[in-house]
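To start, the structure under review is shown below, and the notes come after it.
A quick note: this is a predicted structure, and the numbers were derived from the prediction, not measured. Note: hydrogens, waters and symmetry copies are ignored here, and every other heavy atom, side chains too, is used.
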Amino acid sequence: MFPEHRPRRLRTTPAMRRLVGETELRPRQLILPMFVAEGIDTPRPISSMPGVVQHTRDTLRKAAAEAVNAGVGGLMLFGIPKTRDAEGSGAIDPNGILNVALRDLRAELGDSTVLMADTCLDEFTDHGHCGVLDAEGGVDNDATLRLYAEMGLAQAEAGAHLLGPSGMMDGQVGVIRGALDRAGRTDTGILAYSAKFASAFYGPFREAVDSQLKGDRKTYQQDPGNVREALREIELDIAEGADMVMVKPALSYLDVIRAAAEASPVPVAAYNISGEYAMVEAAAANGWLDRERTILEVLTSIRRAGADMILTYWAAEAAAWLD
């Protein structure tokens, strides 16, 4: 009798579907990006990212503790200074907002979560680029590396468990790893933003960090059409000492996540970025999508593509749903 094969037998009940489920999404696989701003008294909403704010130091501690209690696997911290300069000196200053906030969270949370720091100059430069500029206005790769090494050391000393070099400078992982090892910080790990693409989906993030950028970052971030180049970047970062690698963005680059997962001997992260978040929130606010179902489907798709962990602004909320 036709049909002889009936796959629907394995979909008959919630218990049956749970039994045969292939892709697991758990709170421990979610990392919450957080923003902390210098010189504000109350959290500052980010208009293009409903529900996300620039925190004060005090509200950051509270929100971070709540996220950890919800079960998230880690926190990625970004700092927004009051003043900026051409070299992003606030990123290296032990009393700069990012380093102070890292110390706050390490004192508050200890080793109960994985505390991560964005190791990049773009939030701290008055021109908004991820490195220092040369006489012609281009980003000077090697001069920037020296500052990354200092920034990485400052973040490690402030309490970060993992550093996140995200500037896409050639050699950034090796330089930071060498600086950490020479300083005896051999236990501080590196989550390398290895395949970071020059994406249109970063728009809301620019508001979140009050970016000063004019122009674009196409001379150092990757072309959205290039997969082989992404895999080469991943291979180089691993050779330089990366403990984990990242693909960013996530949703338009699921094929890159899959390719990275198949090639990488170290864990693979993916960043479900601000523009992806904003699209879902806008559609849900208009009643066009079921918000919770859509969020969990988005996150599951990133896991299904091969990501071991996901940076997402929904991390704390989704963790509560999953538990």
Next on the checklist: Between R28 and G73 (side chain of the first, backbone of the second, donor and acceptor by atom type, cut-off under 3.5 Å), is there such a pair?
Outcome noted: no
Checklist entry - Under 6.0 Å from the CZ atom of R17, do we count more than 12 heavy atoms belonging to anything else shown? => result yes
Checklist entry - Within the side chain of E233, is there an N or O that forms a donor-acceptor pair under 3.5 Å with the backbone of E229? => result no
Checklist entry - Is the Y313 ring parallel, tilted or perpendicular to the Y277 ring (thresholds 30°, 60°)? => result perpendicular
For residues 128-143, run the donor-acceptor check on the side chains, cut-off 3.5 Å, and write out each pair with its distance to 0.1 Å, sequence neighbours left out.
unit_1, atom_1, unit_2, atom_2, d
H129, ND1, Y220, OH, 2.7
D134, OD1, E136, N, 3.0
D134, OD1, G137, N, 3.0
D134, OD1, G138, N, 2.8
D140, OD1, D142, N, 3.3
D140, OD1, A143, N, 3.1
N141, OD1, D170, N, 2.8
N141, ND2, D170, O, 3.0

Item to check | Heavy atoms of other groups near D187 CG, more than 12 under 6.0 Å | outcome: no
Item to check | Residue of the set S194, P165, C120 for which side-chain contact (heavy atoms from CB on, under 4.5 Å) holds with Q172 | outcome: P165
Checklist entry - Any sub-3.5 Å donor-acceptor pair from D126's side-chain atoms to Q212's backbone N or O? => result no
Next on the checklist: Strictly below 4.0 Å, N to O, side chains only: are E150 and R146 in salt-bridge contact?
Outcome noted: no
Checklist entry - Is there a donor-acceptor contact under 3.5 Å from the side chain of D223 to the main chain of G225? => result yes
With a 3.5 Å cut-off and sequence neighbours excluded, list the donor-acceptor pairs that the side chains of residues 33-45 form with protein atoms.
unit_1, atom_1, unit_2, atom_2, d
E38, OE1, K82, N, 2.9
R44, NH1, Q54, OE1, 2.7

Item to check | Backbone of P204 reached by a side-chain donor or acceptor of E207 within 3.5 Å | outcome: no
